[in-house]
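Working notes, beginning with the structure itself.
Every chain is numbered from 1 and lettered A, B, ... according to where its sequence line falls, protein lines coming before strand lines.
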Amino acid sequence: MRVSRLFGKTLRQAPADADTASHQLLVRAGMIHQVATGIYSYLPLGWRALRKIENIIREEMDAADGQELLLPAMQPFEIWEETGRDLLFGETLFTFKDRRDRKLCLGPTHEEVITKLAHFNIQSYRDLPVMPYQIQTKFRDEPRSRGGLLRVREFLMKDAYSMHATSEDLDQTYERLVQAYRNIYDRCGLASLMVEADSGAIGGKDSHEFMIIAETGEDEIIYCSECDYAANSERASFTKPEPENEQATLPLEEVSTPGKKTIEEVADFLGIPTSQTLKAVFYAADGQVIFSVIRGDFEVNELKLKNTLKCMDLRLATDDEVQAAELVAGSASPIGITGTKVVADDSITLGTSFVVGANKPDAHLKNANYPRDFKVDILTDIAMAQAGYQCPKCKSQLLSTRGIEVGHLFKLGTIFSEKLDAVYLDQDGTQKPVVMGCYGIGVGRLLAAAVEQNHDDKGIVWPVSIAPYQVYICALSVSDENVVKAADKLYSELKDEGFEVLLDDRDESAGVKFNDADLMGIPLRVVISPRNLKQNSAEVKQRNQKESELVPLEKVIENLRGLLAV
RNA sequence: CGGGGAGUGGCGCAGCCUGGUUUAGCGCGCCUGCAUGGGGUGCAGGAGGUCGGAGGUUCGAAUCCUCUCUCCCCGACCA
């Protein structure tokens with residue numbers, strides 16, 4: 001491709017509304033263009049890079065015995081009602097009506113459609129296992145798009161669905177996909193990290209995410225400094241230490257705590273560590289007020305609580321709701337509470353003689369003990385893990401970092417097959433629901449993550465495997481016939497040899513061309529100039545290296561081939 | 001949806017508070033010519049704007065008021 005003919009312009013300045021590196025650079029390099037909030041056009045350069053990623057994914061999925069197909073972007077709304085996920089997705093679903101007033105939606109994902117398809121194509125255990133996948137545009141009316149391509153409303157996603165007769169078989173395929181995913185990120189030249197994940201709106205039991213470590217990532221990752229434990233903070237667990245001040249079990253005793261409401265204030269006032277207190281937090285779960293209790297030195301993980309309650313919507317309760325439930329904010333405890341569901345973190349069993357609210361203003365109770373003084377409806381882990389806590393596996397110190405989620409694997413089990421009647425006849429003659437797994441990769445997001453991870457102050461530094469072009473020929477002084485000839489010759493030879501090459505044939509100064517080459521991040525740059533031609537040579541430079549090398553013209557192709565092979 | 005910010009030629013901004021010498025200006029980019037030719041080159045000339053939209057106040061509105069649309073950032077969601 002000749003740069004003079006390339007559709008897409010480079011920008012010296014980034015648009016003011018772009019603030020992540022990938023957003024700024026992809027726009028500046030003329031790779032993407034925003035159309036509306038969370039909706040982007042891919043220009044030729046961006047599209048080429050995207051397709052490179054797509055093909056790597058395709059190859060690895062095929063190698064893992066996946067079979068590519070294409071499901072529709074438009075789906076009848078009823079199938080979402082069948083699984084009840086219309087409510088789960090809610091406003092995130094783009095819905096509309098056709099001319100006959102039938103309700104349709106743009107698919108945010110395709111479990112329903114694929115499971116319906118399985119219903120028609122799987123009858124016997126002999127039909128299993130299979131793993132169809134597609135690379136399709138998904139639509140989600142996100143509450144908030146952000147970060148350029150990092151979070152958008154229309155995006156390309158590779159989604160695979162595996163179907164099995166047994167969960168053991170699912171487990172095997174799952175492991176295989178984990179490896180396929182590792183291959184994909186490796187081949188894209190990206191460092192990834194697999195973490196334990198929440199299964200969210202998709203449902204299912206085991207779930208892992210692949211993260212690209214990046215400051216701009218939306219997810220917090222909790223990982224162990226010693227062992228291989230790593231999890232999304234929304235589901236990370238940790239070993240809860242016993243409080244230091246173990247105390248004898250004494251009878252309940254009321255103490256006056258005028259004006260002291262927060263755990264810190266109360267602990268400070270009484271001269272005790274926060275781990276010697278119990279904290280109450282009120283939530284509204286689908287409108288119902290929930291009383292949560294956790295040891296004072298921990299915070300409630302709302303996602304864990306939400307999963308525990310199996311509710312659709314969870315938020316902090318409003319003051320009105322708290323009052324209506326006759327709870328005393330600032331001095332509440334589960335002691336004597338009736339009529340409100342109490343969910344406690346298991347940390348309340350670690351330690352004794354806690355200070356808790358007295359359920360009246362300006363007073364707390366000392367020496368509260370579970371289960372001696374109060375009952376709870378649910379006792380489980382609802383605590384938020386943090387850096388500095390102990391690893392649940394090896395008790396070493398946990399650390400935290402941020403990451404961009406670029407892949408997600410779920411063991412769905414039979415949730416969808418049961419609801420949508422995807423069953424098979426087993427060897428023993430009984431009918432069983434198909435066991436399923438599903439596996440997604442956000443392709444555009446991966447592209448953005450690649451830029452987040454590979455750029456410098458000059459621009460993008462594409463890994464060779466996903467670069468839109470491999471070679472950038474700078475023809476300096478296009479008024480010099482010899483330069484034009486030599487550049488054209490090299491350009492066509494390289495193309496004939498199968499290289500992907502950009503020829504900068506514009507009548508621009510050297511600086512402009514160098515800067516654009518750097519901005520676009522093309523891995524190899526070849527300079528053809530009067531100066532170099534005098535020595536019958538061209539200058540070869542790698543984007544990720546400082547120094548360039550003078551190479552005799554007849555050896556350039558060989559040289560480039562060598563550099564790309566590494 | 002809650003909180004914050006912004007809409008002025010393709011991009012980045014100034015002007016707005018204290019309405020009127022602004023026929024709305026600057027830098028970049030774009031076009032023409034000459035020069036230059038190895039890290040965003042210089043000089044000269046030029047094209048390009050419903051000042052997001054609607055309504056209002058006023059003799060007069062980019063500037064003041066009301067409504068509205070759009071976009072960005074922070075929170076609840078996810079590939």
* Does the rG38(B) base have a donor-acceptor partner in the side chain of Glu539(A) within less than 3.5 Å? -> yes
- So what does Gly148(A) hit on the nucleic acid, given a heavy-atom distance under 4.0 Å: a base, only sugar-phosphate, or nothing? nothing
Re rC13(B): Watson-Crick or G-U wobble partner, both distances kept under 3.5 Å, found to be rG25(B)
- Message: Looking at rC71(B), I'd like to know if its phosphate oxygens (OP1 or OP2) sit under 4.0 Å from a side-chain N or O belonging to Thr37(A).
- Response: yes
Looking at Tyr174(A), I'd like to know if the NZ or CZ of Lys411(A) sits under 6.0 Å from its six-membered ring centre while staying within 45 degrees of the ring's axis. yes
Gln134(A) CD to rA79(B) C1', in whole Å, measures 13 Å
In whole angstroms, the gap separating C1' of rG39(B) from NZ of Lys541(A) amounts to 11 Å
* Give a yes or no on whether a donor-acceptor pair under 3.5 Å exists between the nucleobase atoms of rG10(B), that is its base, and the side chain of Arg12(A). => no
Would you say the base of rG38(B) and the side-chain of Arg525(A) have a donor-acceptor pair closer than 3.5 Å? no
The nucleotide from rC72(B), rG29(B), rA79(B) with an atom nearest the side chain of Val152(A) is rA79(B)
In whole angstroms, the gap separating P of rA76(B) from OH of Tyr283(A) amounts to 11 Å
Scanning both residues in full, the closest heavy-atom pair of Glu452(A) with Ser22(A) reads OE2-OG, 2.6 Å
Item checked: Arg144(A) side-chain N/O to rC73(B) phosphate OP1/OP2 under 4.0 Å -> yes
- Item | Trp80(A) and Phe89(A) aromatic ring geometry - parallel, tilted or perpendicular at 30°/60° bounds | perpendicular
Checking rC30(B), rC78(B), rG39(B) against the side chain of Asp518(A) (C-beta onward), the nearest is rG39(B)
Q.
If you count heavy atoms of other groups shown closer than 6.0 angstrom to CD of Glu59(A), is the number above 12?
A. yes
Measure the acute angle between the ring planes of Phe410(A) and His408(A), then classify it against the limits of 30° and 60° as parallel, tilted or perpendicular.
parallel
Contacts of Ser509(A) and Leu303(A) projected onto RNA chain B by closest heavy atom; the upstream (5') one is Ser509(A)
> Less than 5.5 Å between centroids and less than 30° between ring planes, does Phe514(A) satisfy that with rG40(B)?
Replying inline: no
Quick note, Asn515(A) side chain, CB onward, closest among rC71(B), rG39(B), rC77(B) is rG39(B)
For rU57(B), the nucleotide meeting Watson-Crick or G-U wobble distances (both under 3.5 Å) is none
Paired to rG75(B) by Watson-Crick or G-U wobble criteria (both distances under 3.5 Å) is rC1(B)
_Looking at Asp480(A) and rG37(B), is any side-chain donor or acceptor paired with a base atom of the opposite kind under 3.5 Å?_
no
Against the side chain of Ala16(A), the closest entry in rG12(B), rC73(B), rG40(B) is rG12(B)
Taking only the side-chain nitrogens and oxygens of Ser477(A), find out if one of them lies under 4.0 Å from OP1 or OP2 of rG37(B).
no
Side-chain donor or acceptor of Arg151(A) under 3.5 Å from a matching atom on the base of rC78(B)? yes
Base of rG37(B) paired with side chain of Asp507(A) (donor-acceptor, under 3.5 Å):
yes
At 4.0 Å (heavy atoms only), tell me whether Val512(A) reaches a base, stays on the sugar-phosphate, or touches nothing. base
Check this for me: does the side-chain of Arg315(A) come within 3.5 Å of the base of rC1(B) through a donor and an acceptor? no
Between the base of rG29(B) and the side chain of Gln13(A), is there a donor-acceptor distance below 3.5 Å? no
Answer for the Watson-Crick or wobble partner of rC30(B), both distances under 3.5 Å, is rG46(B)
Less than 4.0 angstrom between a side-chain N/O of Arg146(A) and OP1 or OP2 of rG75(B), yes or no? yes
Worksheet entry | Parallel, tilted or perpendicular: ring planes of Phe139(A) versus Phe94(A), cut at 30 and 60 degrees | perpendicular
Under a 3.5 Å limit on both distances, the Watson-Crick or wobble mate of rG37(B) is none
Notebook entry, point to check: Does the base of rC73(B) carry an N or O that pairs as donor and acceptor with the side chain of Asp17(A) under 3.5 Å?
Noted result: no
